[in-house]
Amino acid sequence: QVQLVESGGGLVQAGGSLRLSCATSGRTTRRYTMGWFRRAPGKEREFVATVSQSGDSTSHADSVKGRFTISRDNAKNTVYLQMNSLKPEDTAVYYCAASGYIAATTRSRDYDYWGQGTQVTVSS
């Protein structure tokens, strides 16, 4: 069993930055591929970014590529999402998730554990 706790969300102006953190407990983070997903009001949950168990492979959604960066620190059992040049359309609840897959995966159905989410609001 893995528990995931997100933090770092908040209100920011367009063009600003935030860094989300996802702390894991129960089992060491290095056992899991980790991902970030988001759900905007009235929309379905969508993939944002993923990082493999070792951290040597990442993938980012086209909508955030070049602005967001996923990373992990297995020694701290923490995964990060650095978000720069934020836009109002980035407003959503952001979820951290853990998958038993070795490779990075963009499919939400591959993820076994989910956090409660953290709200990110970007004002124009």
Side-chain angles (χ1 to χ4, degrees):
Q1 190 75 11
V2 176
Q3 292 80 43
L4 308 175
V5 179
E6 303 97 335
S7 61
L11 174 64
V12 64
Q13 288 188 333
S17 298
L18 284 174
R19 188 176 79 157
L20 304 184
S21 299
C22 174
T24 66
S25 62
R27 285 190 173 183
T28 56
T29 303
R30 65 173 59 89
R31 291 177 176 265
Y32 299 94
T33 282
M34 301 297 293
W36 287 96
F37 292 78
R38 67 186 182 186
R39 177 173 284 159
K43 295 186 177 181
E44 294 187 352
R45 184 173 58 194
E46 65 174 356
F47 164 76
V48 176
T50 180
V51 58
S52 62
Q53 290 181 351
S54 64
D56 61 358
S57 177
T58 63
S59 179
H60 297 77
D62 288 343
S63 59
V64 306
K65 203 167 291 184
R67 300 188 297 121
F68 292 11
T69 303
I70 190 171
S71 62
R72 66 190 301 161
D73 185 338
N74 287 339
K76 295 183 178 180
N77 288 327
T78 303
V79 178
Y80 305 98
L81 185 68
Q82 178 66 44
M83 305 187 296
N84 300 327
S85 302
L86 282 160
K87 304 175 181 179
E89 50 264 43
D90 294 319
T91 295
V93 177
Y94 284 72
Y95 298 91
C96 176
S99 168
Y101 276 54
I102 295 175
T105 175
T106 66
R107 301 177 303 192
S108 61
R109 66 176 182 269
D110 291 338
Y111 289 82
D112 306 298
Y113 303 100
W114 294 82
Q116 293 299 308
T118 184
Q119 176 71 47
V120 171
T121 303
V122 184
S123 63
S124 57

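In this chain, numbering begins with 1 at the start of the sequence shown.
- Here the shortest heavy-atom pairing between Ala92 and Gln119 reads O-NE2, 3.4 Å.
- Contact annotation: the side chain of Phe68 never approaches that of Ser63 to less than 4.5 Å [non-hydrogen atoms, C-beta and beyond].
- Contact annotation: the side chain of Cys22 approaches that of Trp36 to within less than 4.5 Å [non-hydrogen atoms, C-beta and beyond].
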Between Val120 and Thr91, is the side chain to side chain contact (heavy atoms under 4.5 Å, CB included) condition met? List the steps. CA-CA 5 Å; Val120 171; Thr91 295; 5.9 Å; no
Would Gln3 and Ser25 satisfy side chain to side chain donor-acceptor pair (under 3.5 Å), going step by step from the backbone distance to the final call? CA-CA 5 Å; Gln3 292 80 43; Ser25 62; 3.3 Å; yes
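- When each of Leu11, Leu18, Val12 is tested with Val122 by the rule side chain to side chain contact (heavy atoms under 4.5 Å, CB included), just one qualifies, namely Val12.
- Residue Glu44 holds its CD atom at 8.0 Å from CZ of Arg39, rounded to the nearest 0.5 Å.
- The side-chain heavy atoms of Gln53 and Tyr32, taken from C-beta on, include no pair separated by under 4.5 Å.
- Not one N or O on the side chain of Thr78 forms a donor-acceptor pair closer than 3.5 Å with the backbone of Ala23.
- Side chains of Phe47 and Ser108 form no contact here, defined as non-hydrogen atoms less than 4.5 Å apart.
- A single hydrophobic cluster is seen to contain both Val51 and Leu20, as judged by linkage of ILVMFWY side chains at heavy-atom distances under 4.5 Å, directly or through other members.
- Looking only at side-chain heavy atoms (C-beta outward), Trp114 and Glu6 stay at 4.5 Å or farther from each other.
- Contact detail for Ala97 and Leu4: the closest heavy-atom pair is CA-CD1, 3.7 Å.
- The number of heavy-atom neighbours closer than 6.0 Å to NZ of Lys65, taken from other residues, nucleotides and ligands shown, is above 12.
- Across all non-hydrogen atoms, the minimal contact from Ser52 to Arg72 is O-NH1, 2.6 Å.
- Between Val5 and Thr24, the closest side-chain pair of non-hydrogen atoms is not below 4.5 Å.
- The side chain to side chain contact (heavy atoms under 4.5 Å, CB included) test with Val48 is passed by exactly one of Val64, Thr106, Asp90, Ile70: Val64.
- Here the closest heavy-atom approach between residue Ser99 and residue Thr105 is recorded as OG-CG2, 4.0 Å.
- With 3.5 Å as the limit, one finds a donor-acceptor pair spanning the side chains of Asn84 and Ser17.
- Ala14 and Ser124 get closest at one heavy-atom pair: CB-CA, 4.4 Å.
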Intermediate values then yes/no, side chain to side chain donor-acceptor pair (under 3.5 Å), Arg38 and Tyr94: CA-CA 4 Å; Arg38 67 186 182 186; Tyr94 284 72; 2.9 Å; yes
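- In this structure the side chain of Tyr113 reaches within 4.5 angstrom of the side chain of Gln1, judged on heavy atoms.
- Within 6.0 Å of CD in Glu89 there are more than 12 heavy atoms belonging to other residues, nucleotides or ligands.
- The shortest distance between side-chain heavy atoms of Cys96 and Met34 falls below 4.5 Å.
- Atom-to-atom distance recorded for Arg67:CZ and Gln82:CD is 12.0 Å, nearest 0.5 angstrom.
- Residues Ala49 and Leu81 come closest through the heavy atom pair CB-CD1, 4.1 Å.
- Between the side chain of Asp73 and the backbone N or O of Val79 there is no donor-acceptor pair closer than 3.5 Å.
- For the residue pair Tyr111/Thr50, the side-chain donor-acceptor check at 3.5 Å is satisfied.
- Within the model, atoms OG1 of Thr69 and NE2 of His60 stand 5.0 Å from one another, a figure rounded to the nearest 0.5 Å.
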